[in-house]
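Chain naming here is simple, since letters A, B, ... match the order of the sequence lines and numbering starts at 1 in each.
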Number of protein chains: 2
Amino acid sequence: MDQKESVPTVPRRRAQGLGRERILEACLNLATGTTPDALSFRKIGKELGADPTALYRHFADKDELLLALADKVISMGMIGYVPAPDWEESLRDLMLRIRSSFLQYPQVATLAALRVTGQGGELQFVEAMLSALALAGFSRHEAALVFRACGDFMLAWTGFSAGLLLLGQKSEQDDAAWVSSYDQVAEHDFPLAVTSVREMAAVQDEENYQFALELLLGGIAARLQH
Amino acid sequence: MDQKESVPTVPRRRAQGLGRERILEACLNLATGTTPDALSFRKIGKELGADPTALYRHFADKDELLLALADKVISMGMIGYVPAPDWEESLRDLMLRIRSSFLQYPQVATLAALRVTGQGGELQFVEAMLSALALAGFSRHEAALVFRACGDFMLAWTGFSAGLLLLGQKSEQDDAAWVSSYDQVAEHDFPLAVTSVREMAAVQDEENYQFALELLLGGIAARLQH
DNA sequence: ACCTGAACACCGTTCAAGT
DNA sequence: ACCTGAACACCGTTCAAGT
């Protein structure tokens with residue numbers, strides 16, 4: 001009630017100050033979409049209406065900014081998650097929702113897929129995964145191994161997919177070149193490759209991930225029956 | 001025998017000319033090791049004793065150079081491959097040998113894991129994979145789906161692993177930070193994560209890939225039994 | 001026909017200077 | 001306490017000029 005605390009707690013106080021939260025918001029805005037280098041300091045600065053180097057006042061370097069962004073993206077992906085009665089359903093849900101959250105911000109996904117944030121969102125995800133694996137009946141040791149396999153499977157493939165999104169039309173050119181180059185190959189030398197190239201090139205990344213995920217989950221289930 | 005053709009065909013003719021082969025060799029030399037940006041045009045030029053921009057005389061751009069490099073690496077990985085009597089053994093072999101060939105040149109792996117070379121090495125790999133899947137009894141359509149799942153699993157994870165190699169000690173710092181940050185978390189809130197973090201962090205990437213690969217192969221085998 | 005070197009538009013990061 | 005702007009050492013790529 002005195003002069004110091006009389007400033008009302010309306011959200012717009014210190015609106016022109018930078019602050020970590022405002023910076024992270026601006027970064028997520030920029031990271032929607034598939035522009036490579038969308039997250040350069042110069043572009044973030046422009047988005048914020050501030051000098052690029054002002055960011056160093058709030059984050060030690062690009063790395064720290066990136067990890068904070070990544071954890072935010074994981075947290076957003078965990079919103080609304082509820083464990084299913086079936087452990088396999090929970091695993092599937094987790095490995096789809098974090099992936100799709102990352103793919104909304106491809107630039108964050110490519111840069112942070114191989115990093116450990118060590119922060120809240122990641123903790124939620126890890127706890128949920130381990131909980132599902134415990135429910136499945138895995139021992140603590142086995143659960144740790146299966147978690148790493150699943151987690152890195154998801155992160156590796158998500159980084160891969162995000163890279164494809166950022167490649168954009170270059171990736172489509174690759175697929176076209178795949179078909180046309182195999183068409184010029186002697187069918188006698190590579191009969192299976194030449195016959196199947198169209199079918200293989202037609203597979204879209206998202207269905208491919210889901211198919212591989214089912215294979216992986218199938219392998220995990222098979223492992224439970226000794 | 002006349003003056004034009006009298007130059008002996010010893011290997012050292014046009015030794016100072018650049019040529020695609022010499023450039024590719026120099027690139028592979030530079031790409032051994034885990035230096036990020038080892039394959040910049042300026043560094044390649046230095047390695048060759050030529051101006052960086054001279055490369056544009058032999059490759060349209062960095063992309064074309066990269067695809068040629070990637071295909072060379074795949075070809076090297078296929079050397080000595082012989083199909084096993086067991087289809088599962090062949091798949092495993094292929095998905096380990098191409099990975100390990102790429103990981104000898106991490107810089108090539110990160111840059112080219114999500115590209116299609118459309119060239120000879122890739123053709124050999126694709127044909128060998130499809131051949132193993134046909135032996136397993138998969139239909140043409142199913143084989144195409146399983147190939148894409150296996151191929152992209154291998155490429156995605158290999159790109160992931162190469163990225164870890166290039167991160168170097170930063171990646172080790174991440175693992176250390178993983179353990180220490182979870183140690184500061186209330187065990188009541190995240191009991192499983194806090195209990196298992198050491199065990200999870202201890203898993204090495206190579207064993208992790210091999211474990212996940214076995215799960216995937218298990219899932220494929222399970223799928224064959226309807 | 002092939003190579004050179006200056007130049008352009010970008011990076012992340014540092015640091016002295018401003019307010 | 002926070003922000004600015006010039007500077008540094010890098011990128012890939014283009015282009016006029018050399019031989």
Provide the closest heavy-atom pair for A112(A) versus L66(A) in the form atom of the first, atom of the second, distance. CB-O, 4.5 Å

Compare every heavy atom of T117(A) with every heavy atom of L67(A), then report the nearest pair and how far apart it is. O-CG2, 3.8 Å

With the side chain of [X] defined as its heavy atoms from C-beta on, choose the nearest nucleotide among [options].
X	options	answer
S40(B)	dT13(C), dC11(D), dT4(C)	dC11(D)
Y56(B)	dC3(D), dC11(D), dT13(D)	dT13(D)
F41(B)	dT13(D), dT4(D), dG12(C)	dT13(D)

Could you pull out the protein-nucleic contacts involving nucleotides 6-8 of chain D (nitrogen or oxygen on both sides, under 3.5 Å)?
none

Could you list the donor-acceptor pairs under 3.5 angstrom formed by side chains in residues 30-37 of chain B, with sequence neighbours left out?
unit_1: T32(B); atom_1: OG1; unit_2: L28(B); atom_2: O; d: 2.9
unit_1: T32(B); atom_1: OG1; unit_2: N29(B); atom_2: O; d: 3.3

Any Lys/Arg nitrogen of E64(B) or R20(B) sitting under 4.0 Å from an Asp/Glu carboxylate oxygen of the other?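 Result for this pair is yes, salt bridge flagged.
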
Taking only Lys NZ, Arg NE, NH1 and NH2, and the carboxylate oxygens of Asp or Glu, determine whether E47(B) and R42(B) approach each other closer than 4.0 Å.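 Salt bridge: no.
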
Determine, step by step, whether F160(A) and F160(B) satisfy the ring pair (Phe, Tyr, Trp, His ring centres under 6.0 Å) criterion, reporting the C-alpha distance in whole Å, the side-chain angles of both residues, the deciding distance to 0.1 Å, and the verdict. CA-CA 8 Å; F160(A) 180 82; F160(B) 180 83; over 10 Å; no

Has R99(B) got its NZ or CZ under 6.0 Å from the middle of the six-membered ring of Y209(B), at an angle within 45 degrees of the ring axis?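 Yes.
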
Please list, for nucleotides 17-19 of chain D, all pairs of protein and nucleotide N/O atoms separated by less than 3.5 Å.
none

Whichever of A60(A) and K43(A) has the more 5' nearest nucleotide on DNA chain C, that residue is K43(A)

side-chain contact (heavy atoms from CB on, under 4.5 Å) with T195(A): which residues, sequence neighbours excluded?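 Result, side-chain contact (heavy atoms from CB on, under 4.5 Å) vs T195(A): E187(A), R140(B).
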
Across all chains, not counting sequence neighbours, the side-chain contact (heavy atoms from CB on, under 4.5 Å) partners of A212(A) are F153(A), W157(A), A149(B)

Is there a donor-acceptor pair closer than 3.5 Å between any side-chain N or O of S196(A) and the backbone N or O of A193(A)?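 No; zero donor-acceptor contacts below 3.5 Å.
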
Here's a test of your reading of the structure: between D61(B) and G49(A), which maps to the more 5' nucleotide of DNA chain D? G49(A)

Counting only Watson-Crick and G-U wobble pairs with both atom distances below 3.5 Å, the stems of 3 or more consecutive pairs that include DNA chain D are C:4-8 with D:12-16, C:12-16 with D:4-8

